[in-house]
Amino acid sequence: MSRIAYVNGRYVPMRDAKVHVEDRGYQFADAVYEVCEVRAGRLIDERRHLERLKRSLGEMRIAMPVTPRALGVVLREVVARNRIGYGLVYLQIGRGVARRDPAFPFPEVTPSLVVTARPLNITKNEALAAKGLAVVSVPDNRWGRVDIKTVGLLPNVLARQAAIDRGARDAWFVDKDGYVTEAASSNAWIVTADGKLVTRQADHAILRGITRMVTFEVSKAQGIIVEERGFTLEEAYAAREAFVTSATQIVMPVVSIDGHVLGDGKPGTVATALRRAFHNFAETA
Ligand code: PDD
């Protein structure tokens with residue numbers, strides 16, 4: 001079965017899913033995106049992802065090309081046409097196509113909308129969660145507004161590859177003051193010796209993860225205290241546990257940071273319990 005994408009109003013086979021060479025997303029990363037998990041063919045936390053999308057678009061002064069309702073229909077249609085049971089749906093909205101000039105096109109052009117979906121391997125993901133990730137730290141050299149979910153992800157690309165080159169799976173960004181901001185495509189958390197969760201406050205230096213928000217709710221229900229604050233690498237090396245959160249990884253245990261093994265080197269009980277309970281708190285639509 002050929003994969004189907006939605007591109008500016010049409011459902012097309014992947015091989016025909018093309019954008020213009022003067023698409024500003026392509027030339028300037030002048031576009032935003034969202035990724036939702038799909039389970040049993042249903043969207044997870046769609047409402048919160050679309051709220052964040054609206055915020056990103058507002059910060060970028062890009063108009064929403066379709067109504068949120070229509071967007072919901074397209075997302076479901078792409079999931080259905082690709083017969084996704086477990087997987088992800090990706091959407092990207094860009095400022096549109098115009099002759100190359102950094103200033104916003106005037107008169108305005110129609111924003112572009114692309115939606116794709118793909119299956120994920122649940123067995124592989126669960127095996128990974130049972131083993132945990134090794135991460136390495138890298139300097140956070142991103143721009144100052146990573147709270148906007150733009151497709152400008154070059155530092156993230158290089159960080160992930162640096163991690164792989166160093167025999168790890170993921171990278172944790174560290175700001176110039178020595179505090180961990182987040183991971184290359186997820187939020188970073190530690191569990192302190194006294195059992196508290198710590199994750200960076202949602203300022204302009206991290207993406208306000210939807211999974212992060214839901215994890216606050218899960219933690220509350222489990223009676224776990226969460227501190228939203230920066231933590232240093234030294235604190236992370238000494239942590240009882242660590243994990244990352246994202247729509248595609250949910251709560252993914254981290255078992256080593258820069259070669260410092262956490263606890264007994266196995267996924268911790270807190271991360272594992274949060275992962276298990278997660279979908280009781282996430283919204284399915
Ligand atoms: N990434 N931080 C960064 C830099 C991210 O790219 C992501 C998500 C997150 C977690 O956000 P959420 O919980 O809303 O997925 C944090 C997506 C999954 C991606 O780029 O594929």
Side-chain angles (χ1 to χ4, degrees), residues 25 29 31-39 43-57 59 75 84 86-93 114-120 125 128-129 133 135 137-163 169-175 179-189 197 199-219 226 228 230 242-252 254 271 274-275 278-279 281-283 285:
V32 300
Y33 77 106
E34 280 295 330
V35 176
C36 277
E37 187 194 18
V38 176
R39 279 177 102 85
L43 301 183
I44 303 300
D45 282 321
E46 176 195 21
R47 181 185 60 82
R48 287 185 261 227
H49 281 279
L50 294 191
E51 265 169 24
R52 185 174 63 190
L53 173 70
K54 217 170 112 190
R55 178 177 180 275
S56 295
L57 288 170
E59 295 293 318
L75 294 175
I84 307 294
Y86 173 63
L88 65 85
V89 61
Y90 173 91
L91 80 88
Q92 179 171 328
I93 296 177
V114 169
V115 179
T116 59
R118 69 178 165 89
L120 291 172
N125 275 7
L128 196 58
L133 309 179
V135 305
S137 60
V138 296
D140 195 337
N141 55 3
R142 300 175 298 165
W143 74 316
R145 288 304 307 273
V146 298
D147 57 307
I148 309 172
K149 198 164 171 61
T150 79
V151 301
L153 293 173
L154 184 55
N156 310 60
V157 167
L158 297 177
R160 270 298 292 284
Q161 191 54 44
R169 182 98 193 181
D170 205 355
W172 278 18
F173 286 120
V174 179
D175 71 15
Y179 290 97
V180 174
T181 51
E182 60 182 334
S185 56
S186 51
N187 290 115
W189 302 65
L197 295 183
T199 194
R200 171 123 183 167
Q201 68 279 5
D203 49 22
H204 288 172
I206 67 159
L207 182 76
R208 217 160 288 194
I210 304 303
T211 319
R212 175 182 178 277
M213 274 164 60
V214 176
T215 301
F216 286 151
E217 291 177 21
V218 188
S219 310
V226 182
E228 276 188 89
F243 59 91
V244 292
T245 54
S246 81
T248 48
Q249 299 182 96
I250 306 305
V251 176
M252 183 58 76
V254 166
L274 291 172
R275 181 180 179 86
F278 185 85
H279 288 98
F281 293 83
E283 294 172 3

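Counting convention: from 1, in listed order, for ligands and their atoms alike.
Arg169 places none of its side-chain heavy atoms less than 4.5 Å from the side chain of Val244. Side-chain contact between His49 and Leu91 is absent, with no heavy-atom pair separated by less than 4.5 Å.
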Run through all N or O atoms in ligand 1 and write down each protein N or O closer than 3.5 Å, as a pair with its distance.
from: ligand 1; atom 1: 1 (N); to: Lys149; atom 2: NZ; distance (Å): 3.4
from: ligand 1; atom 1: 1 (N); to: Ser185; atom 2: O; distance (Å): 3.3
from: ligand 1; atom 1: 2 (N); to: Glu182; atom 2: OE1; distance (Å): 2.6
from: ligand 1; atom 1: 13 (O); to: Ile210; atom 2: N; distance (Å): 3.3
from: ligand 1; atom 1: 13 (O); to: Thr211; atom 2: N; distance (Å): 3.0
from: ligand 1; atom 1: 13 (O); to: Thr211; atom 2: OG1; distance (Å): 2.6
from: ligand 1; atom 1: 14 (O); to: Arg52; atom 2: NH1; distance (Å): 2.8
from: ligand 1; atom 1: 14 (O); to: Arg52; atom 2: NH2; distance (Å): 2.9
from: ligand 1; atom 1: 14 (O); to: Ile210; atom 2: N; distance (Å): 2.8
from: ligand 1; atom 1: 15 (O); to: Ala247; atom 2: N; distance (Å): 2.8
from: ligand 1; atom 1: 20 (O); to: Tyr33; atom 2: OH; distance (Å): 2.6

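A salt bridge links Glu217 to Arg48: at least one charged side-chain nitrogen sits closer than 4.0 Å to a carboxylate oxygen. Between Glu51 and Arg47 there is a salt bridge, with a side-chain nitrogen of the basic residue lying less than 4.0 Å from a carboxylate oxygen of the acidic one. Electrostatic pairing of Lys149 and Glu34 does not count as a salt bridge here, judged by no charged N lying under 4.0 Å from a carboxylate O.
Within a 6.0 Å radius of OH in Tyr179, other residues, nucleotides and ligands contribute 12 heavy atoms or fewer.
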